[in-house]
Q: 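Quick one: the structure is below, questions incoming.
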Amino acid sequence: MDNALILIIEDEPEISEILERYFEREGFRVVSAGDGETGLSHHQRLRPDLVVLDVNLPRMDGYGVLAAIRQRGDTPVIMATALADDLDKLQALRGGADDYVVKPFNPLEVVARAKAVLRRTTASSANKVIRVGGLSVDPIAFIATVETPAGRNILQLTRTEFRILEYMAASPNRAFERGEIVDACLPEGDALDRTVDSHMSKLRRKLELAGAGSLLSGVRGVGYRLGDFS
């Protein structure tokens, strides 16, 4: 859970700001959205580790956002609403929510529930190794390898390089903007485009030495792409 990214989709700024402070105090990274459509855009671009999702949102309500998130994958979602009716809770859970909190809530409880959900989902995905062609990325063991006709090569990566490779490998053949890579993989907050380029140059060199060829490539005017290789 170290440095996990939490997406808060909440249209009440005061509630959003309080949750941000409490999550950041516990070592999480946080990004917020004030409406459903912006929240979905952040979800697709940043792929957060967990979403705290309000039900009553402008532009798209929480149930619509939840359905769209579930179509894309299994990101853990905690629903937050002022509605305490059991039918509302049941609707959220049937829609794929992992947990449910009712306003007004204690922000410490929300953080505790988020930690519990992340522990469960991390344990259930412990054996999910990401594979792109001959590249394998194991997020739990923190190992990335390349299979070649000559054998299996282990990549010697820094923490940031591994984070970038894992992030891009989860969506192969998609172009990633530099700013997106900064937001998702370089949490220091002061990273610049040239910093991303430096990391990418070193990562590409290590992939080439391991036999991955042109797996990592630049996309003119956009950023970078991680694609299949033979």
Side-chain angles (χ1 to χ4, degrees), residues 1-10 13 16-17 19-53 65 68-69 72-73 75-77 114 118 122 125 130 132 135 137-140 142-144 155-208 210 212 214-227:
M1 289 189 294
D2 290 347
N3 205 39
L5 177 61
I6 307 297
L7 170 59
I8 299 171
I9 309 178
E10 167 62 61
S16 182
E17 290 170 7
L19 287 175
E20 284 180 28
R21 290 200 299 270
Y22 275 82
F23 273 111
E24 288 172 348
R25 188 181 301 169
E26 295 298 315
F28 293 97
R29 293 175 295 139
V30 182
V31 63
S32 298
D35 63 80
E37 290 186 6
T38 302
L40 275 180
S41 176
H42 286 347
H43 178 266
Q44 182 171 3
R45 187 169 67 91
L46 301 175
R47 292 209 306 277
D49 297 288
L50 182 140
V51 177
V52 178
L53 175 62
V65 174
I69 289 175
R72 295 174 179 174
T75 306
V77 176
L118 285 170
T122 299
S125 63
I130 305 170
V132 182
L135 172 70
V137 181
D138 187 333
I140 304 301
F142 201 74
I143 294 175
L155 293 166
Q156 302 299 322
L157 304 176
T158 65
R159 184 176 183 83
T160 297
E161 290 166 354
F162 185 90
R163 188 184 296 145
I164 292 171
L165 189 62
E166 176 191 354
Y167 180 67
M168 297 181 71
S171 299
N173 298 311
R174 182 168 82 81
F176 292 84
E177 297 181 359
R178 289 176 177 83
E180 177 181 355
I181 295 170
V182 168
D183 290 341
C185 305
L186 283 74
E188 294 79 7
D190 58 353
L192 304 174
D193 285 356
R194 62 176 178 270
T195 307
V196 176
D197 291 337
S198 175
H199 286 301
M200 287 301 189
S201 177
K202 295 173 182 176
L203 181 56
R204 179 185 293 166
R205 179 61 177 162
K206 291 178 180 180
L207 287 166
E208 289 175 347
S214 57
L215 177 66
L216 179 61
S217 59
V219 180
R220 185 180 297 275
V222 180
Y224 294 91
R225 175 187 291 116
L226 190 73

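Since the model is a prediction, treat every value here as computed from it, not as a measurement.
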Q: Once you round to the nearest 0.5 Å, how far does CG of Leu203 lie from CG of Leu226?
A: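 Result: 8.0 Å between the selected atoms.
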
Q: Any side-chain heavy atom of Leu118 within less than 4.5 Å of one from Phe28?
A: yes

Q: I need the minimum non-hydrogen distance between Leu216 and Arg204, along with the two atoms involved.
A: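 The pair with the smallest heavy-atom distance is O-NE, 3.3 Å.
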
Q: Please tell me if the side chains of Cys185 and His199 come closer than 4.5 Å, counting only heavy atoms from C-beta onward.
A: no

Q: Minimum heavy-atom separation for Ala33 and His42, please, with both atom names.
A: CB-CD2, 3.8 Å

Q: For the residue pair Leu165 and Ala144, what are the closest heavy atoms and their distance?
A: CD2-CB, 3.9 Å

Q: For Ala184 and Leu46, work out which heavy atoms get closest and say how close.
A: CB-O, 4.2 Å

Q: Let me see the working for Val132 and Met168 under side-chain contact (heavy atoms from CB on, under 4.5 Å), right down to the final yes or no.
A: CA-CA 10 Å; Val132 182; Met168 297 181 71; over 6 Å; no

Q: Where do Asp138 and Phe162 come nearest, in terms of heavy atoms and distance?
A: O-CZ, 3.4 Å

Q: Take atom CZ of Arg174 as the centre, draw a 6.0 Å sphere, and report whether it contains more than 12 heavy atoms from other residues, nucleotides or ligands.
A: yes

Q: Below 4.0 angstrom, N of the basic side chain to O of the carboxylate: do Lys206 and Glu161 qualify?
A: yes

Q: Is the shortest side-chain heavy-atom distance between Leu19 and Ile6 below 4.5 Å?
A: no

Q: Do Thr195 and Val182 come close enough that some side-chain heavy atom pair is under 4.5 Å?
A: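 With C-beta onward as the side chain, the pair stays apart.
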
Q: To the nearest 0.5 angstrom, please state how far the CD atom of Gln156 sits from the OG1 atom of Thr158.
A: 11.0 Å

Q: Does a side-chain heavy-atom distance below 4.5 Å link Leu7 with Leu5?
A: no

Q: Just so I know, are the side chains of Phe23 and Ile8 near enough to count as touching, which here means a heavy-atom distance under 4.5 Å?
A: yes

Q: Quick one: does Tyr224's side chain get under 4.5 Å of Asp197's, heavy atoms only?
A: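 Heavy-atom side-chain distance check passes, below 4.5 Å.
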
Q: CG/Leu53 to CG/Leu40 distance, rounded to the nearest 0.5 angstrom?
A: 8.5 Å

Q: Evaluate the criterion side-chain contact (heavy atoms from CB on, under 4.5 Å) for residue pair Ile164 and Met200; output intermediate values, then yes/no.
A: CA-CA 9 Å; Ile164 292 171; Met200 287 301 189; 3.6 Å; yes

Q: If you count heavy atoms of other groups shown closer than 6.0 angstrom to CD of Gln44, is the number above 12?
A: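 12 or below, so no.
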
Q: Does Glu177, at its CD atom, have more than 12 non-hydrogen atoms belonging to other residues, nucleotides or ligands within less than 6.0 Å?
A: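 12 or below, so no.
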
Q: Could you state the interatomic distance from CD (Glu20) to CD (Glu10), rounded to the nearest 0.5 Å?
A: 10.5 Å

Q: Please name the pair of heavy atoms, one in Ser16 and one in Ser32, separated by the smallest distance, quoted to 0.1 Å.
A: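 The pair with the smallest heavy-atom distance is OG-OG, 3.3 Å.
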
